[in-house]
Every structure is written in C-alpha cells, then in structure tokens.
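Working notes, beginning with the structure itself.
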Amino acid sequence: MSRWLTVVLVALATPLAFALLPAGLALALAIGEPIEFESEAQRLQYETLTRELRCTVCQSETIHESNAELAADMRRRVYRMTLDGVSAEAIVDFMVARYGDYVRYRPPFQANTALLWASPFLLFSGGLLVWWQVMRRRARPDDEPQFTDQERAALERLRRGD
C-alpha cells in the first residue's frame with residue numbers, strides 16, 4: 001500500500017515541480033543581483049542601500065525584494081553609482097530627489113514627516129485615554145435611580161405579582 005502511495009505522489013509531484021521551475025527561475029533572474037564588486041565595502045554599501053530604499057511601485061517592498069521593472073532600474077542605478085565611488089548619502093540624496101522621501105524606508109524627521117513619526121505615540125495616547133475613561137466609569141458607583149412615589153408603588157405591585 002505504501003509503495004503504491006509513493007508512486008502516486010511522485011507521479012503528481014513531478015509535473016508540478018517542472019511547472020513551477022520556470023517561475024522560480026524567472027523570479028531569480030528578474031532580481032538580477034550584480035555579483036562583482038571591486039571591494040567588500042562596495043558590496044556592503046550596495047546591500048545596505050538596496051535594503052533601505054523602497055520600491056515606489058510595490059510600496060511595501062524594498063528594491064532588493066521587488067521584481068518590478070522600476071526596482072530593477074533602481075538597483076542598476078545603485079550598482080553603477082556604487083561602482084563609480086559615489087557615497088551612500090549621495091546615492092540616497094539622488095533617489096530622494098528623483099522619487100521623493102517616500103523612497104526611504106526610514107524617512108528623516110522633518111516638518112512634512114512629523115505626523116508620520118508622531119502618529120504611533122498619538123494613537124497610543126488616544127488608546128490610553130479611552131481606556132482610562134472606561135475604567136473610571138466602571139469604578140464609579142452607579143447612582144440609585146430616583147423614582148416618584150407612584151413609580152415606587154407600581155414597582156412594589158410588580159414585585160408582589162399583583
């Protein structure tokens with residue numbers, strides 16, 4: 001029984017593997033990582049920058065992770081500028097000038113990004129305020145409802161079942 005199951009699994013898995021192989025190769029080739037650098041410092045600078053710059057098409061991926069054409073172009077530009085000896089700061093400045101502050105995964109603290117940096121603290125503070133209000137209301141003893149003599153008599157009749 002187990003031999004038959006193995007044969008069936010292999011028969012099903014082999015075409016699937018061959019069908020997915022080109023997709024995996026295409027993804028690997030789409031990134032097209034350059035492999036030759038003149039020094040280890042250049043390789044490190046390239047690796048750092050490609051992991052710190054955001055793909056403006058994908059928006060949630062770095063240019064290192066993205067398969068978009070724009071990300072490939074940005075990687076090539078970073079690679080060429082790194083080989084030309086351009087500093088990391090100058091490369092980031094070039095990308096920011098071209099694509100805006102959004103291209104950075106860690107935007108600097110400026111007037112136009114102040115809300116972005118302050119929003120986690122504002123949301124946390126708002127949550128604390130809501131929690132404090134709820135806890136304060138729960139701790140407060142409920143006031144006894146004020147009934148008129150007529151309402152009290154009606155409640156008493158209801159309790160007795162009259």
Passes side chain to side chain contact (heavy atoms under 4.5 Å, CB included), V86 versus F94? Steps please. CA-CA 10 Å; V86 179; F94 171 80; over 6 Å; no
Nearest 0.5 Å, what's the CZ-OG1 distance between R43 and T48? 8.5 Å
Set of residues satisfying side chain to side chain contact (heavy atoms under 4.5 Å, CB included) with respect to Q42, sequence neighbours excluded: F37, E38, S39, T82, L83
Does the side chain of V78 reach to within under 4.5 Å of the side chain of M95, using non-hydrogen atoms? yes
Listed partners of W131 passing side chain to side chain contact (heavy atoms under 4.5 Å, CB included), at least two apart: M135
Hey, what do you get for NE2 (H64) to CD (E52), rounding to the nearest 0.5 Å? 13.0 Å
For residues M74 and R54, report the shortest heavy-atom separation together with the two atoms involved. CE-O, 3.8 Å
Heavy atoms, side chains only, cut-off 4.5 Å: are L53 and Y99 in contact? no
Distance col, row Y105:OH vs I63:CD1, nearest 0.5 angstrom, shows 11.0 Å
About how many Å separate CG of L70 and CZ of R75, when rounded to the nearest 0.5 Å? 10.0 Å
E151 to Q146 - nearest heavy-atom pair and separation: OE1-O, 4.3 Å
What distance do L129 atom CG and F124 atom CZ have between them, rounded to the nearest 0.5 Å? 12.0 Å
How far apart are the closest heavy atoms of T62 and T50, and which atoms are they? CB-O, 3.4 Å
Can you confirm whether more than 12 heavy atoms, excluding those of E156, are under 6.0 Å from its CD atom? yes
State whether the number of non-hydrogen atoms from other residues, nucleotides or ligands found under 6.0 Å of Q150 atom CD is greater than 12. no
Any side-chain heavy-atom pair of M81 and L49 under 4.5 Å: no
